[in-house]
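Step one of this worksheet: look at the structure below.
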Amino acid sequence: MKIEEFRRAMAETEYIPAGSALHQAFHAFSQEALKITAELNGAYHTPEEVRALISQLTASEIDESFGLFPPFHTDCGKNTKIGKRVFINAGCQFQDQGGITIGDDVLVGPQTIIATLNHDPDPEKRGGMIPKSVKICDKVWLGARVTVCPGVTIGEGAIVGAGAVVTKDVPPRTVVAGVPAKVIRKC
């Protein structure tokens, strides 16, 4: 399956049966992601080399303003879109099959997790998956060890406090914190 076909299918699909062609396609992309992230995380790389590896991982051109401190992990990579002036700190994990869009001027704190898949709640179909994209709008700051759950949009200029678990949309220009994350003030 080609990358654009995969991205389109993931955007249009509400349920992925275990073992289906789409499921097998993202497992193939996972093998490539493992290879690229092993290279990224296994030795020192200049900022230019990091950008080149992330471009290869995401199959998209990454802007020269992008920064990342390894290690970084993803189990696919091909369904992540990254804006300009984005910084991703060390130890982040992106599960991006369902789609992750990161806007411009975004800061991602260390050990942040962004997830876009849930498994089928029926134990007889547990291998099936439900994809839901995550959107991080412009000028968002995710603190250290934030977890963003599938289907969430974090509005422009929002701040997510360290350790928060974001289970629902975050309004623009608000500060959220806690488990689950709740609005604590405007910013």
Side-chain angles (χ1 to χ4, degrees), residues 7 10-18 22-23 26 30 33 37 54 57-58 66-83 85-187:
R7 289 174 179 156
M10 291 304 291
E12 296 171 356
T13 301
E14 293 183 18
Y15 184 78
I16 303 162
L22 188 53
H23 187 204
F26 68 67
S30 295
T37 56
I54 297 298
L57 181 65
T58 62
F66 172 80
L68 179 139
F69 287 170
F72 173 79
H73 300 279
T74 183
D75 55 359
C76 182
K78 300 302 186 231
N79 211 4
T80 296
K81 297 175 192 166
I82 300 172
R85 298 171 304 280
V86 169
F87 176 71
I88 300 173
N89 214 321
C92 292
Q93 297 179 286
F94 290 6
Q95 179 201 47
D96 75 315
Q97 288 94 333
I100 296 172
T101 301
I102 300 174
D104 297 337
D105 304 298
V106 171
L107 301 174
V108 180
Q111 299 181 351
T112 290
I113 296 170
I114 301 175
T116 65
L117 292 176
N118 276 317
H119 284 279
D120 193 317
D122 180 345
E124 302 305 317
K125 299 178 185 176
R126 191 61 41 90
M129 287 166 274
I130 303 160
K132 291 187 180 178
S133 65
V134 167
K135 183 176 182 183
I136 313 292
C137 295
D138 296 345
K139 301 178 182 165
V140 166
W141 174 18
L142 303 177
R145 294 188 176 179
V146 164
T147 298
V148 180
C149 293
V152 167
T153 295
I154 300 177
E156 183 175 347
I159 298 171
V160 180
V165 176
V166 185
T167 60
K168 60 184 179 179
D169 291 352
V170 174
R173 300 202 175 270
T174 58
V175 178
V176 299
V179 179
K182 296 188 184 320
V183 175
I184 58 173
R185 70 176 182 264
K186 296 274 187 188
C187 61

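Source: prediction; values computed, not measured. Along the sequence shown, residues are numbered consecutively beginning with 1.
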Worksheet entry | Sub-4.5 Å side-chain heavy-atom contact between R126 and D120 | no
Query raised in the report: Are the side chain of T116 and the backbone N or O of G98 linked by a donor-acceptor pair below 3.5 Å?
Result: yes
Salt bridge (charged side-chain N to carboxylate O under 4.0 Å, His left out) pairs touching residues 102-118, sequence neighbours excluded, are R85-D105
Closest non-hydrogen contact found for C92 with V108 is SG-CG1, 3.8 Å
Shortest non-hydrogen pair, P150 vs N118, comes out as CG-ND2, 3.9 Å
The side chain to side chain donor-acceptor pair (under 3.5 Å) partner of D96 among T58, T74, T101 is T74
For R145, look at atom CZ and say whether over 12 heavy atoms of other residues, nucleotides or ligands are found less than 6.0 Å away.
no
Sequence neighbours excluded, the answer for side-chain contact (heavy atoms from CB on, under 4.5 Å) partners of H23 is I16, A18, S20, F26, H27, M129
Is it the case that over 12 heavy atoms from other parts of the model lie below 6.0 angstrom from the CZ atom of F69? no
ask   = Do M10 and Q97 come within less than 4.5 Å of each other through their side chains, counting heavy atoms only?
value = yes
Between V106 and the options V86, I154, D138, I88, the side chain to side chain contact (heavy atoms under 4.5 Å, CB included) test singles out V86
Closest non-hydrogen atoms of C187 and G157, given as atom of the first, atom of the second and distance, are SG-O, 3.3 Å
I want to check something: taking the side chain as every heavy atom from C-beta on, are F94 and I102 in contact at a cut-off of under 4.5 Å?
yes
